[in-house]
2 protein chains.
Amino acid sequence: MRSVSVALAVLEAVAEQQPVGVSELSRAMQLPKSTTQRMLLTLGQLGWIRAGAEEPTRWSLTSKALSIGSRHRGDEEIRRVALPAMHTLSAATGETVHLSVPEERRVVLIEKIEGVHPVRTHTTIGNGAPLHTTASGKAILAAMPEAQARALLVAVPLEALTEHTQTDVAALQEELVRVRRDGYAVTVGTRHPEIAAVGAAVLGTSGLPVASLSLSLPAHRFPQPLWSEFGEQVARAATECSRQLGWRPA
Amino acid sequence: MRSVSVALAVLEAVAEQQPVGVSELSRAMQLPKSTTQRMLLTLGQLGWIRAGAEEPTRWSLTSKALSIGSRHRGDEEIRRVALPAMHTLSAATGETVHLSVPEERRVVLIEKIEGVHPVRTHTTIGNGAPLHTTASGKAILAAMPEAQARALLVAVPLEALTEHTQTDVAALQEELVRVRRDGYAVTVGTRHPEIAAVGAAVLGTSGLPVASLSLSLPAHRFPQPLWSEFGEQVARAATECSRQLGWRPA
DNA sequence: ACGACCGTGTCACTGTGTGGCACGGTTTGC
DNA sequence: GCAAACCGTGCCACACAGTGACACGGTCGT
């Protein structure tokens, strides 16, 4: 289904580079200019992109993409109960707060509140990372039945995103034990060398993890003495979300 | 570009009915089953949808759609500054708060915080409505140069969504004068018979409206004495957002 | 045990999408 | 000031990608 594949690739490219013109796009995608233009016209007719009013040859996304995206599963309810808790965390710590959900073997960022510090981490909603490379992911792994977590970890070789990424399954499982005891996971430089994070899982009615709250901040602003302070705040917020989603302590 | 059109239609349909199977979808779209299946497979391979783990024949959106959607223009910065104000409004009134942006001749909902009342309005992020049918839209019209607002109003015949929708251009322009004086727009039953709303525009650096904050609530919970109270709260919140976006009072 | 669903796979035909190329207009660089 | 280099647009013959009727095996409900 070549044309569909190309069309969706163009859509993605437009999303990333908007507003963008035909030639620029055709170069970036290594596609003939005529093909690129036809795609843009088609996507335009279908209402997914449109040319700007003042720059009628540069294209941007319309709200159609937004409409589709916001229907992504799990969004609605989790976001609703998590947002207030996220604001509380943000106000208390001044740091960037993330809300992520598990998807396959990854955690995907579905909501964020940026911190007030001029130096802050930059992330994109919808982006994902392997479970074992983030605090969110580890919190989620720790909250699921041990067998299931193990299955996820051994399914494929664990990727190392930085030199600090733990790729040894046994070591990770030990770490998960600590996470279960503390109620929160801490990572420093496991995904990006200079970024640290603290995460805690949000549980659904069944007791299984459905999402995860985390703080993300520059590693140099997160000395070990702060770990438990932030960790407990995040864990408390996550527990409150779990309660509102119908989870009851055993 | 038939196949592209079909593929995107399938994507939309999946978004609305997820999780959904082949036959169900092919019936809903009046498409041959084999074609439908090929589309699902293709969209799956491209990473836009995936079959559930426990129901391996029913398809749902992946986070790809979320990722694209969240790149919708204007989102990032406006959402960032508006969210805190929205929470304040939500806390103060207990009602549903909406953040919308103008797009062509419509206002599109890009963010919401639901109210606490058991009876509340239900809306979908990404959905749009004609400018003249909503409080958000009128607030935005009132905040733009009069000539431009007029141009938008006379471009196409004004659609009536309910019997209370004002479709007379002259009457609407008079209403915009009132909105400019008060700083907020009020609508009752102009979009949906039982829903009322109060909206105020958010201005960018240039002084032109870039978004709009509004409260949306059942009409019976919004007697006229409350109009100015809520109106002024919304207007104050919107002004604060404008300031943070770089707008300065004349 | 039967029929009515389901999801999957095949395959010949045709009509759709391809991409090289040429055009006119505007910006760039000399 | 004038090329040259860019832009967005439009055309068209050809080839192959996409189509959809049909058949198959599995799993329900009756």
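Just so we're on the same page: letters track the sequence lines, and every chain starts at 1.
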Tell me, what's DNA chain C's dot-bracket, Watson-Crick or G-U with both distances under 3.5 Å, | for other-strand, [ ] crossing? |.|||||||||||||||||||||||||||.
Any N/O pairs under 3.5 Å between the protein and nucleotides 15-18 of chain D? List them or say none.
| from | atom 1 | to | atom 2 | distance (Å) |
| --- | --- | --- | --- | --- |
| dG18(D) | OP1 | R2(A) | N | 2.4 |
| dG18(D) | OP1 | S3(A) | N | 2.9 |
| dG18(D) | OP2 | M1(A) | N | 2.9 |
| dG18(D) | OP2 | R2(A) | N | 3.1 |

Please list, for nucleotides 5-8 of chain D, all pairs of protein and nucleotide N/O atoms separated by less than 3.5 Å.
| from | atom 1 | to | atom 2 | distance (Å) |
| --- | --- | --- | --- | --- |
| dC7(D) | OP1 | R27(A) | NH2 | 2.5 |
| dC7(D) | O5' | S23(A) | OG | 3.3 |
| dG8(D) | OP1 | V22(A) | N | 3.2 |
| dG8(D) | OP2 | S23(A) | N | 2.7 |
| dG8(D) | OP2 | S23(A) | OG | 2.4 |
| dG8(D) | N7 | K33(A) | NZ | 3.2 |

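- Listed by chain and residue number, nothing satisfies the salt bridge (charged side-chain N to carboxylate O under 4.0 Å, His left out) test with E194(B) (two or more places apart in sequence, or in another chain).
- By the side-chain hydrogen bond (donor to acceptor under 3.5 Å, both in side chains) test, T36(A) pairs with no residue at all, sequence neighbours left out.
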Table please: side-chain donor-acceptor pairs of residues 139-150 of chain B below 3.5 Å, with sequence neighbours left out.
| from | atom 1 | to | atom 2 | distance (Å) |
| --- | --- | --- | --- | --- |
| R150(B) | NH1 | Q173(B) | OE1 | 3.0 |

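- Not counting sequence neighbours, the partners of E104(A) by the salt bridge (charged side-chain N to carboxylate O under 4.0 Å, His left out) test are R50(B).
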Between N or O atoms, less than 3.5 Å apart, protein on one side and nucleotides 25-28 of chain C on the other: list the pairs.
none

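- Legend: residues meeting side-chain hydrogen bond (donor to acceptor under 3.5 Å, both in side chains) with Q37(B), ordered by chain and number and at least two apart, are absent.
- Residues forming a salt bridge (charged side-chain N to carboxylate O under 4.0 Å, His left out) with R106(A) (at least two apart in sequence, or on another chain): none.
- By the salt bridge (charged side-chain N to carboxylate O under 4.0 Å, His left out) test, E12(B) pairs with K64(A), sequence neighbours left out.
- Residue pairs meeting the salt bridge (Lys or Arg N to Asp or Glu O under 4.0 Å) criterion with at least one member in residues 18-39 of chain A, sequence neighbours excluded: E24(A)-R58(A).
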